[in-house]
Visitor: 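Sending over a structure as structure tokens; questions will come in a sec.
Each chain gets a letter, A, B and so on, in the order its sequence line appears, and its residues count up from 1. Hydrogens, waters and symmetry mates are skipped; everything else that's a heavy atom, side chains included, is used.
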Amino acid sequence: MVAFSCSEDESTAPDEDTDAFDRKAMLINWADNIIIPAYTAFDDKAEMLLVETQSFTADPTVSNLENLRSVWMAAYLEFQNVSMFEIGKAEMLNYRNRINVYPTNASEIESLIASGNYDFSLPSTVDAQGFPAMDYLLNGLASSNDETVAFYTTNTNAQNYKDYLNALAETISTLTKTVLNDWKGDYRDTFVNNTSSSASGAVDKLANDYVFYYEKALRAGKVGIPAGVFSNDPLPEKVEAFYKKNISKQLALKALQATQNFFEGKKFNGSAKGESFKSYLEYLNTIKNGENLGNLISAQFETAKTSLKGLNDNFVLQIETDNPKMLAAYNELQRNVILLKVDMLQAMDINVDYVDSDGD
Amino acid sequence: MSAAVKTYFTKQTQAAPLAVFRVFFGVMMLISIIRFWANGWIEKLYLTPKFHFSYYGFEWVQPLGSYTYALFAICGLAALLVAIGYKYRMAIIVFFLSFTYIELMDKTTYLNHYYFISCVSFVLIFLPANVYFSFDAKQNPERASYYVPNWTIDAIKLLLAMVYFYAGLAKLNSDWLLRAMPLKIWLPAKYDLPFLGNLMQQEWVHYAFSWSGAIYDLTIPFLLLYKRTRWFAFILVVVFHVLTRVLFPIGMFPYIMIVSALIFFDASLHHKILRFISKLFKIDKVKMDSKIKTVFFQKKKKSAKIVIAAFLVLQLLFPWRYLLYPGELFWTEEGFRFSWRVMLMEKAGYAQFKVVDGKTGKQFYVDNSDFLNPFQEKQMSFQPDFILEYAHFLGNHFASQGHQNLKVYVESYVALNGRLSQPFIDPSVDLLQEKESFKHKTWILDFKDEIKGL
């Protein structure tokens, strides 16, 4: 063992640098072409959301409500592009949970509005803020537009409703700006330079975050839990955007496309591809000569997408009328959990566990 | 007993190698316990989890709540007493029991080198490692001696040789030698090593490491035994273990093996080591030696010899028990543990449990993170005995929640040495109907490939 390693490293030619997969190039592609542009796009939408919220609360009319709803929906969709990047500032802020924990807690929201006293940085308020809370306040208060607007005009607590809605939009925007500014500041360099192979290396960490997001937030949160995979009965009230009703499929598809694009290293809002999990797997496969795992995973993304597309726009209706179809979509999503978590992480020798104990 | 055997057992040699082994072993164990504690692993591995995986027959061994810290403290104190040789017999018994108890608390943390520690400490109970260079010898000069029976040192040598040789035999399979697996997975991931990073990407390096690793393990016991190759062998031991330390997260094990290998050397080296230690602690070694220089080991107890001989024979046979099971050993892991199969394969899995209420027919899947920490979930996902034990735990848990006539199924996939993941456990088998035993687990699905070799 000795003889081989020690005698060789002295003769290591400089051109051998190109032999190893360039993880830094992958991190740079992730940061510069995907993560930062995605946050920038979402930040714009979050800011528009704030502006429209302020217009609505300044002048609560049905037409302003409808404007706000459409901006809210656009922002919610855009958020699906950044939700998986729970690393750095986002991780510190508990960003994903503060923006998108659902089902939202309507009774808690009502009591916070009634008291007029709330602090969204408290973990206890995590299910009373973000897009789902806005969903409740925009789509869930009443069945007609006029009745909804009345909460912000004639209701005895109208001012508190307006304040709460403003605070929600402000929080989404502020949190997003904090994360984006951190990426635009020092964190981008910290991230791309952290090429260490240890559990704290950027590739290891983001790979774990990514797989966790795909398994827990996308597969389970958006599809599995409402379909009743983890409970005795289906729980349609747990779908994303429950009060808006007809966008749950769109949100799930957007998230799935975003995870696939990230896997393939596709530039945000572009078609060019850079270094990615997929190209890393291709590199490793040249050593291993095994199955082309990257292609298998891409193909499974496509299958899952087709399966999701076949569902009703409103997952609540899908679950209530034909849940087996919902479960079938879940199964297609599930297949990629195995390929990503077992096969991909094994190929990259990335540990899933965060317990840093010894091996032998 | 033949005459040759009888003569062998009457032979005595200097006690210094055994004393040095005792001192280093105790110190290494003390450091290991402190390190384990300082890393916060007592809490993380033994106090936080709601459920612990037990060894078959040792279900009664459980963490002791906050007293677990006391257990580690006792173990560490015992290690210190072993090192200084104070009330040695009691100390080594307490060490063996407490250390082994710790290891039995949760098999998630099973490591061959922990098992090795248990084996060594068991053997040390029966060896006169405190007759020389110890507080016991100082306080009871009548029990001190300059010599010990040859066999006492040979027993440790044999145990060490066995660890290496069996680890080498285990590598004689087609995955290790012909596919350079799992090193082809592990080494490229070490791209950020200074100097070696690029080299780790080269296919020939993976093969070179695989083959030299196997040859090293198989030959090192002999190279250490023969005087002419001993120093060369020891340098190999140091380089090999330092290299494994650099490449893999294997904690204290490399250092323990390096100091253990010193036992193969002549007493003269050990006296040098003891002189160094004496200087450090202002011990008058010359005076101490002069008093007992001609004292041979007196106590003749037959039982120790018999216990050690029986133990070593058992150790020689135990790793072969896997031959009694059908199927691929790496896949089923029936007879895998306690056999010095060290750093031998890369295995990962995914297990999703389905709980069915037999009365209502309703079913749901379990979120494993509700019950297991990520480390436990990882270990559980590719080891059948873990899967079975966890299924029964789930059955009991949900039965206590009022579910009736429960059935627990698992959908699981396992990837072995870079092969694409395959279904692992028969998903149609209600695991609550299966009991843990030493019999072959028929509900493990066949491995769809072949690994040739031992």
Visitor: Return the CD1 to NZ distance between A:I350 and A:K205, rounded to the nearest 0.5 Å.
Guide: 12.5 Å

Visitor: For B:E346, is it the side chain, the backbone, both, or neither that has a heavy atom closer than 4.5 Å to a heavy atom of chain A?
Guide: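 Answer is both: backbone and side chain atoms of B:E346 are under 4.5 Å from chain A.
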
Visitor: Ring-plane angle category for B:Y46 and B:F36, please: parallel below 30°, perpendicular beyond 60°, tilted otherwise.
Guide: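 If you compare the ring of B:Y46 with that of B:F36, the planes turn out parallel.
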
Visitor: So which bits of residues 333-341 of chain A come within less than 4.5 Å of chain B, counting non-hydrogen atoms only?
Guide: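 A:Q334, A:V337, A:I338, A:L339, A:K341, listed by number.
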
Visitor: For a quick test of reading the model, state the closest non-hydrogen atom pair linking B:K44 to B:N373 and the distance between them.
Guide: O-ND2, 3.6 Å

Visitor: Need one label for B:R179: side chain, backbone, both or neither, based on atoms under 4.5 Å from any heavy atom in chain A.
Guide: neither

Visitor: Under 4.5 Å heavy-atom distance to chain B, tell me which part of A:S196 shows up: side chain, backbone, both or neither.
Guide: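 Both the backbone and the side chain of A:S196 come within 4.5 Å of chain B.
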
Visitor: Tell me, please, which residues at least two apart from B:V163 pass side-chain contact (heavy atoms from CB on, under 4.5 Å).
Guide: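 Partners of B:V163 by the side-chain contact (heavy atoms from CB on, under 4.5 Å) criterion, ordered by chain and then number, come out as B:F116, B:M257, B:W340.
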
Visitor: Are more than 12 heavy atoms from other residues, nucleotides or ligands located less than 6.0 Å from atom NZ of B:K107?
Guide: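 Above 12, so yes.
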
Visitor: Against chain A, label B:L372 side chain, backbone, both or neither, depending on which of its atoms sit under 4.5 Å from a heavy atom there.
Guide: neither

Visitor: Identify which part of B:E411 has an atom lying under 4.5 Å from any heavy atom of chain A, answering side chain, backbone, both or neither.
Guide: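 Neither part.
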
Visitor: What do you reckon, are the aromatic ring centroids of A:F262 and A:F277 less than 6.0 Å apart?
Guide: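 Ring-ring flag for A:F262/A:F277: true, centres closer than 6.0 Å.
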
Visitor: Contact part of B:E377 toward chain A, heavy-atom cut-off under 4.5 Å: side chain, backbone, both or neither?
Guide: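 For B:E377, the contact with chain A is made by the side chain alone.
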
Visitor: Non-hydrogen atoms of chain A under 4.5 Å away: do they reach the side chain of B:D357, the backbone, both or neither?
Guide: neither

Visitor: Strictly below 4.0 Å, N to O, side chains only: are A:K24 and A:E275 in salt-bridge contact?
Guide: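 Result for this pair is no, no salt bridge flagged.
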
Visitor: For the ring pair B:F364 and B:F398, is the centre-to-centre distance below 6.0 Å?
Guide: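 Yes, ring centres under 6.0 Å apart.
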
Visitor: Just checking A:Y213 against A:F85, ring centres under 6.0 Å apart?
Guide: no

